[in-house]
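See structure below.
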Amino acid sequence: MRLEITCEDRVGIAQEVLAIFVERQINIKGIDAITESGQIFMHMPDLEFTQLQDFMPQLRLINGVKDVKTTNYMPSERERHVLDTLVRTIPDPILSIDGRGLVYSLNDMALQRIPETEQEIKGQPINHWIKGFNFSRYMESSEVLPQTRRIKFMDEDFVADILPVQLPSENNTKVIAGAVIMLKSEARLGQQINAFNQPKDNDFANVLAFSPLMRKVVREARRMALLDSSILLTGETGTGKELIARSCHQASDRSDKPFIVVNCASMPDEACESELFGRLQQSGDVKKGIFELAQGGTIFLDQVAQMSSTMQSKLLRVIDDGRYRRVDDENEIEINVRIISATNVDLLALVETGQFREDLYYRLNVLGLNIPALRTRRKDILPLAEHFCKKACQASQRPMIKMEQSCAEFIENYPWPGNVRQLENTILRAVALLDVDVMSKAHLQLPTYSSDSGYLETEFNETLDEAVKNFEAQLLRKLYPAYPSTRQLARKLGLSHTAIANKLREYNINKKTIKI
């Protein structure tokens, strides 16, 4: 237990307090004294309540003692635990050394990277794990100053901030007691530089972009965000179109207004008008629609290609007129919203076949941006995986998990047909099921993939003939714009003119269905 004794600043008062402890043979585990406030903190074994009733009044009888009470912690304990918690939870490896260059302490992130126990590491030369800097010479130099160096930690490149630990001596000089080494990986530096370069605190901070391709997307998206025109985002499922749309909203002048997501595929025709524009109830109450709720902000039309013809017509009319009426209401409301749309299909192909209105397409596609598939931006894969791993560890309140080299290589080379969404779900699932602190390839529940045979879904429900026909149709659709003549296409594929003509007819591939 701990006691807090408040007393006057009097010579000998501490000795009288200690004499009470000696007289009762109470062992003292620790003492803190704060002379400015006149407080003495004593750490001692727990006493029974009856012992305290007799013991504490004796302390209060000492001349100059103002108050005696129990407390939960000693000031030095609180300071030590706060510092320990801070250092241990920082997401970068940190080690401290003594004046001889021997490891004194290290945080959890450093411990995860070194394949030895904490007891085995402490007291060993720091140069066993960090190469490229002479710590012994540094500690013995006449003037020990902070350093920033590129080093090798466990055979990986890091930037190290080396900070000397200085203690005051009796003659007001500084005594070097050791140093603290703070390490930053290339990925962490990239994240921090990326965050530093953001023109706003909250615009594209959540979009991790390390590959040149994705950095280009972010640059273009940031410019588009300021123009206030409609944006059409295209890309495969799971590439992060909604994240880009939300970031565009946050980077725009509309950031303090609502951002409302509308899933066009799930909105039934019978509810379309009232959902979009609201309704005047018979009671006179107003049910606000999406446009009214988003007034001044942004509406994100997800899966816009699946918008019904009814919804297309109503949306087009509102965009053209700049105003609308609630259902059963004669009063017009002027709109002030920005529309950002997203699709994972070729919207222009749907225009060609009459499944999507051409006039609406050009109103939605004032600014166009394609979000590349994850497999085309390999440099983003591992930083994203590490980000999702850290996120999962924090959510489950467990220490950071380290990936084996073979696991990292597998993640980086996997095709990720489900893109970022599939990567996130895979990492979150693996972390949730892990009972160790190292993730291996076996922990990733993914269908088999190899560079020779490619990727095969575990849920494969087609016959071989169906799979061959699907591949054949996709190949012909890709080649047809470049070889629109059946004779040219037949010559390219080494087939007869009749065989190609039959296949194009079977798959409905012609100049009306394929844009040339």
Side-chain angles (χ1 to χ4, degrees), residues 191 194-209 213-267 275-278 288-307 311-312 314-316 318-319 322-324 333-344 347 360-372 380 384 387 391 419-421 424:
Q191 291 172 1
N194 194 39
F196 180 78
N197 289 331
Q198 304 300 326
K200 275 192 172 185
D201 291 337
N202 62 345
D203 56 3
F204 288 85
N206 293 324
V207 182
L208 298 183
L213 196 58
M214 198 59 190
R215 286 178 178 174
K216 181 174 180 289
V217 168
V218 172
R219 286 197 302 271
E220 292 179 359
R222 186 175 287 119
R223 287 196 292 268
M224 290 179 181
L226 304 176
L227 298 178
D228 207 39
S229 299
S230 297
I231 301 176
L232 177 63
L233 302 175
T234 59
E236 296 178 6
T237 298
T239 50
K241 296 185 289 295
E242 183 177 337
L243 179 61
I244 293 292
R246 193 178 295 275
S247 298
C248 286
H249 168 75
Q250 291 172 338
S252 72
D253 293 334
R254 299 177 180 269
S255 58
D256 59 338
K257 300 296 182 180
F259 177 85
I260 297 182
V261 178
V262 179
N263 190 322
C264 300
S266 63
M267 184 174 290
E275 286 294 319
L276 287 177
F277 312 123
K288 292 184 177 181
I290 290 168
F291 273 90
E292 194 167 354
L293 293 171
Q295 188 74 334
T298 304
I299 294 177
F300 176 57
L301 301 175
D302 195 16
Q303 300 187 59
V304 70
Q306 299 186 45
M307 185 186 295
M311 189 174 176
Q312 289 180 43
K314 294 184 182 300
L315 180 62
L316 178 64
V318 173
I319 294 175
R323 57 178 61 86
Y324 64 93
I333 301 174
E334 291 190 3
I335 62 167
N336 176 24
V337 297
R338 184 186 200 178
I339 295 177
I340 301 178
S341 310
T343 179
N344 61 353
L347 204 56
L360 179 58
Y361 169 78
Y362 286 112
R363 282 164 178 78
L364 297 178
N365 191 27
V366 177
L367 301 171
L369 185 63
N370 179 260
I371 314 302
D380 292 329
L384 281 168
H387 170 73
K391 178 180 173 183
N419 292 293
V420 180
R421 186 182 294 120
E424 180 176 14

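Below, each value reflects all heavy atoms present in this structure, side chains not excepted, and no hydrogens, waters or symmetry copies.
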V217 vs P372 side-chain heavy atoms within contact, under 4.5 Å = yes
Say whether, by atom type as modelled, one donor and one acceptor occur between the side chain of N263 and the main chain of A265 under 3.5 angstrom.
-> yes
Listed by chain and number, what are the ring pair (Phe, Tyr, Trp, His ring centres under 6.0 Å) partners of H249, not counting sequence neighbours?
-> F259
Does any N or O in the side chain of R338 come within less than 3.5 Å of the main-chain N or O of I299, such that one atom is a donor and the other an acceptor?
-> no
With I333 via side chain to side chain contact (heavy atoms under 4.5 Å, CB included) - residues at least two apart = E292, Y324, R326
Are any side-chain N or O atoms of S255 and backbone N or O atoms of A251, one a donor and one an acceptor, separated by less than 3.5 Å?
-> no
Sequence neighbours excluded, which residues qualify as side-chain hydrogen bond (donor to acceptor under 3.5 Å, both in side chains) partners of N365?
-> Y361
Check salt bridge (Lys or Arg N to Asp or Glu O under 4.0 Å) between R223 and all other residues, then give those that pass, not counting sequence neighbours.
-> none
Could you tell me which residues satisfy salt bridge (Lys or Arg N to Asp or Glu O under 4.0 Å) with K216, sequence neighbours excluded, listed by chain and number?
-> E220
Are R246 and F300 side-chain neighbours, meaning at least one heavy-atom pair lies under 4.5 Å?
-> no
Name all residues meeting the side-chain hydrogen bond (donor to acceptor under 3.5 Å, both in side chains) criterion together with R254; count only those two or more places apart in sequence or in a different chain, and write none if there are none.
-> D228, N336
Side chain to side chain contact (heavy atoms under 4.5 Å, CB included) with Q312: which residues, sequence neighbours excluded?
-> M307, F356, R357, L360
Are any non-hydrogen side-chain atoms of I339 and L315 less than 4.5 angstrom apart?
-> yes
Contacts of K314 meeting side-chain hydrogen bond (donor to acceptor under 3.5 Å, both in side chains) (sequence neighbours excluded), chain-then-number -> E273
Keeping to residues at least two apart or across chains, list the ring-ring contact (aromatic ring centres under 6.0 Å, His included) pairs with something in residues 213-239.
-> none
Could you list the residues that satisfy side-chain hydrogen bond (donor to acceptor under 3.5 Å, both in side chains) with Q295, not counting sequence neighbours?
-> none
Would you name the heavy atoms of L347 and T343 that are closest together and state the gap between them?
-> CB-CG2, 4.4 Å
Of all the heavy-atom pairs spanning L293 and P258, show the shortest one and how long it is.
-> O-CG, 3.3 Å
Hey, are the side chains of V262 and M311 touching, using non-hydrogen atoms and a 4.5 Å cut-off?
-> yes
Go through the structure and list residues passing side chain to side chain contact (heavy atoms under 4.5 Å, CB included) with N344, not counting sequence neighbours.
-> T237, K241
Which heavy-atom pair separates V366 from S229 by the least distance, and what is that distance?
-> CG1-CB, 3.7 Å
Closest non-hydrogen atoms of A209 and V218, given as atom of the first, atom of the second and distance, are CB-CG2, 3.9 Å
Atom of L301, atom of C264 and distance for their closest heavy-atom approach = CB-SG, 3.9 Å
Could I get the full list of side chain to side chain contact (heavy atoms under 4.5 Å, CB included) partners for A221, not counting sequence neighbours?
-> F204, I244, C248, L369
Flag side-chain contact, heavy atom, 4.5 Å: L208 against D380 | no
Hey, are the side chains of L364 and I319 touching, using non-hydrogen atoms and a 4.5 Å cut-off?
-> yes
